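Sequence lines set the chain letters: A, B, ... in the order given, protein chains first and strands last, and positions in each chain run from 1. Here the structure is a predicted model, which means the values were calculated and not measured.
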Amino acid sequence: MTYFHLFLAFFFPNILAYGGGPAAIPLIEHEVVQKYGWMTKTEFSELFALANSLPGPIATKMAGYIGFEVAGVLGSIVALFATVAPSLALMLLLLNLLYKHRHSVRVKRLSSYVLPAIAILMLSLTFDFAKTSYELNNLIPTILLLAASYFALEKFKIHPAFVILAGLLIGGLFL
Amino acid sequence: MKVTPFLFKGGNTLAKQLHIFIAFFRSGLLGFGGGPTTIPLVHKEVVKTYEWMTDEEFSDVISIGNTLPGPIATKMAGYIGFRVGGWLGLINALVATVLPTVILLILLLGSLKQFSESDFVNGMTNGVIPIVAVMMGVLTWDFIKKSKASLGIKLASIIFIVSFIAIIVLNIHPGFVIAALLIIALALPVKGGNIS
């Protein structure tokens, strides 16, 4: 049953998310944290942080890890299969059809109409993370860390792995 | 321009499989920030280093991949691996793309967890959460920009607001909202009726 749930928890987010793996993250959070309760929000954010600071596709890293945590190696394989196989099968099966219709307005609309909804999901997860930080660290440290990491990541373009490392260190020492 | 599988059928030499593995292993391990950021790296391997595809073919694969949901890196790896080396090539490319970083993550988080009773490690988690919020915020902004670019500000805002009401205010499961949007995208009439 766990394997079946693992399959569903990764099948739906990845078959619904347009815009690559990152688009699936809020949907995966919905399944893993809110529906099945395999992880707390804090654990999930920790996982996202580390997954994001390592190289490679993000959706598969998260699936592989969560599957492993929930049901061992086989769980990891099930979660990865559910993440990768459906969209790849669609691609192989529909390739010629999609190639023929690649200029069709409807086919283009499929991917673009979903984007604002994905943005809402991401926005809501952003607020969730900020709120969790506020609950754990209070207001002032949260604001300081938010501002510092924004400037480090976006203005100074410091590699995410270093920013996470700094965050881990600051957290370990002061929080 | 043909995008036909089985193009290289029959050529499953060991060297070819090794090249597939190296191509996707390298681009997976060098690309930070999720699958979409590995596209240029895969492009370099597939078009320049190994010359399995032309520039044009590669961009067709990307644009077709983008009309489908799910992670782009694995759609790319699976399809290109299949074209170059058949079913073995498909599995090979997927394993090279996915497995190294999954194992890295499991080892890293596993070792962190061993110390999860210590105050220091608990504090570490607290220090990371605000950074995660910023990373997610940046991703959000990316998708808002993408929405605006592909839909125009008016339509993007309408869908944005409707999704907000449905998902946040009415608490409808996001899956239903996305499914509804997909149906609308397919069902809505096309101006001028020029469907490819």
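Only the side chain of I167(B) comes within less than 4.5 Å of a heavy atom of chain A; its backbone N, CA, C and O stay farther away. Contacts of L121(A) with chain B are made by side-chain atoms alone, with heavy-atom separations under 4.5 Å and no backbone atom involved. Only the side chain of L27(A) comes within contact range of chain B, with heavy atoms under 4.5 Å apart. For L29(B), the parts lying under 4.5 angstrom from a heavy atom of chain A are both the backbone and the side chain. Of the two parts of Y150(A), the backbone and the side chain both hold a non-hydrogen atom closer than 4.5 Å to a non-hydrogen atom of chain B. For A117(A), the parts lying near chain B are the backbone and the side chain together; criterion is any non-hydrogen pair under 4.5 Å. Of the two parts of A166(B), neither the backbone nor the side chain holds a non-hydrogen atom closer than 4.5 Å to a non-hydrogen atom of chain A. Residue L47(A) touches chain B through both its backbone and its side chain, counting heavy-atom pairs closer than 4.5 Å. At a 4.5 Å heavy-atom cutoff, the contact between S53(A) and chain B is made by backbone atoms alone. Contacts between L165(A) and chain B at a heavy-atom distance below 4.5 Å are absent for every atom of the residue. Residue A147(A) does not touch chain B at all, counting heavy-atom pairs closer than 4.5 Å. Looking at L188(B), both its backbone and its side chain come within 4.5 Å of chain A, counting heavy atoms on both sides.
Pairing each heavy atom of A119(A) with each of T140(B), the nearest pair is O-CG2, 3.5 Å. The minimum heavy-atom distance linking V134(B) with S149(A) is given by the pair CG2-OG, 3.5 Å. Residues Y18(A) and F143(B) approach most closely at O-CE2, 3.7 Å, considering heavy atoms. Between P71(B) and S87(A), the shortest heavy-atom distance links the atoms CD-OG, 4.3 Å. Heavy atoms only, all atoms of each residue included: L105(B) and M62(A) are closest at CD2-N, 4.5 Å.
Between chain B and the residues T132(A), T142(A), L125(A), the largest count of heavy-atom pairs under 4.5 Å involves L125(A). The greatest number of non-hydrogen atom pairs below 4.5 Å with chain A, out of A77(B), S157(B), P174(B), G78(B), is found for P174(B). For the set L99(B), I159(B), I158(B), L41(B), the entry with the most heavy-atom pairs within less than 4.5 Å of chain A is I159(B). Across A24(A), S112(A), A152(A), A23(A), the residue that shares the most heavy-atom pairs under 4.5 angstrom with chain B is S112(A). Comparing L104(B), L108(B), L109(B), I183(B) by heavy-atom pairs within less than 4.5 Å of chain A, the highest count is held by L109(B). For the set L94(A), N137(A), L90(A), the entry with the most heavy-atom pairs within less than 4.5 Å of chain B is N137(A). Here N126(B) is the residue among T38(B), N126(B), V102(B) with the most heavy-atom pairs under 4.5 Å with chain A. Chain B forms the most heavy-atom pairs under 4.5 Å with one residue out of T126(A), T83(A), L123(A), and that residue is T126(A). Listed options I15(A), L144(A), I170(A) were ranked by heavy-atom pairs under 4.5 angstrom with chain B; first place goes to I15(A). When I144(B), V177(B), I161(B), L94(B) are compared by the number of non-hydrogen pairs under 4.5 Å with chain A, L94(B) comes out ahead. Contact count against chain B (heavy-atom pairs under 4.5 Å) is highest for P55(A) among P55(A), A59(A), G167(A), G56(A).
Between P130(B) and L146(A), some side-chain heavy-atom pair lies under the 4.5 Å cut-off. You'll find the side chain of N66(B) stays beyond 4.5 Å of the side chain of S111(A), heavy atoms only. No side-chain heavy atom of T97(B) sits under 4.5 Å from any side-chain heavy atom of T60(A). Counting heavy atoms from C-beta outward, L88(A) and F82(B) have side chains that stay 4.5 Å or more apart. The shortest side-chain heavy-atom distance between I129(B) and T42(A) falls under the 4.5 Å cut-off. In this structure, M122(A) and D142(B) have side chains that are not in contact, with every pair of non-hydrogen atoms separated by 4.5 Å or more. Side-chain contact between S150(B) and K108(A) is absent, with no heavy-atom pair separated by less than 4.5 Å. Between L153(A) and V138(B), the closest side-chain pair of non-hydrogen atoms is not below 4.5 Å.
Of all residues in residues 29-40 of chain A, those placing a non-hydrogen atom less than 4.5 angstrom from a non-hydrogen atom of chain B are H30(A), E31(A).
A distance of 4.0 Å separates CE in M135(B) from CD1 in I164(A), rounded to the nearest 0.5 Å. The CD1 atom of I131(B) sits 11.0 Å away from atom CG of N52(A), with the distance rounded to the nearest 0.5 Å. Rounded to the nearest 0.5 Å, atoms CD (E46(A)) and OG1 (T125(B)) are 3.5 Å apart. A distance of 10.0 Å separates CD1 of I103(B) from CZ of F68(A), quoted to the nearest 0.5 Å. To the nearest 0.5 Å, atom CE of residue M91(A) and atom CD1 of residue I72(B) are 7.0 Å apart.
Summarising the local packing, CZ of F81(A) is surrounded by 12 or fewer heavy atoms from other residues, nucleotides or ligands at distances under 6.0 Å. For K148(B), the NZ atom is loosely surrounded, since the number of other residues' heavy atoms within 6.0 Å does not exceed 12. Residue-environment remark: CZ (F120(B)) exceeds the threshold of 12 foreign heavy atoms within 6.0 Å. Surrounding OH of Y134(A) are at most 12 heavy atoms belonging to other residues, nucleotides or ligands under 6.0 Å away. Counted within 6.0 Å of CZ on F127(A), heavy atoms from surrounding residues, nucleotides or ligands total 12 or fewer; the atom is thus considered open.
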Checking K146(B) against I118(A) for the side chain to side chain contact (heavy atoms under 4.5 Å, CB included) test, could you report, in this order, the C-alpha distance in whole Å, the side-chain angles of both residues, the deciding distance, and whether it holds?
CA-CA 11 Å; K146(B) 266 194 229 169; I118(A) 302 278; over 6 Å; no

Can you check side chain to side chain contact (heavy atoms under 4.5 Å, CB included) on Y113(A) and L182(B), steps first, answer last?
CA-CA 7 Å; Y113(A) 271 35; L182(B) 291 177; over 6 Å; no

Test side chain to side chain contact (heavy atoms under 4.5 Å, CB included) applied to L92(A) and L90(B), step by step:
CA-CA 11 Å; L92(A) 291 174; L90(B) 178 146; 3.6 Å; yes

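In the hydrophobic clustering of this structure, M136(B) does not group with I143(A); members are Ile, Leu, Val, Met, Phe, Trp, Tyr whose side-chain heavy atoms approach within less than 4.5 Å, directly or through other members. I140(A) and F174(A) fall into different hydrophobic clusters, where Ile, Leu, Val, Met, Phe, Trp and Tyr residues are linked whenever their side-chain heavy atoms come under 4.5 Å apart, directly or through other members. Criterion: ILVMFWY side-chain heavy atoms under 4.5 Å apart, direct or through other members. Under it, V73(A) and L6(A) are part of a common hydrophobic cluster. Taking hydrophobic clusters as Ile, Leu, Val, Met, Phe, Trp and Tyr residues chained together by side-chain heavy-atom distances below 4.5 Å, L68(B) shares a cluster with L97(A).
With sequence neighbours excluded, no residue satisfies ring pair (Phe, Tyr, Trp, His ring centres under 6.0 Å) with F164(B).
Here the side chain of R109(A) pairs no donor or acceptor atom with the backbone of L151(B) at under 3.5 angstrom. Of the possible donor and acceptor atoms, none in the side chain of D60(B) sits under 3.5 Å from a partner among the backbone N and O of Y99(A).
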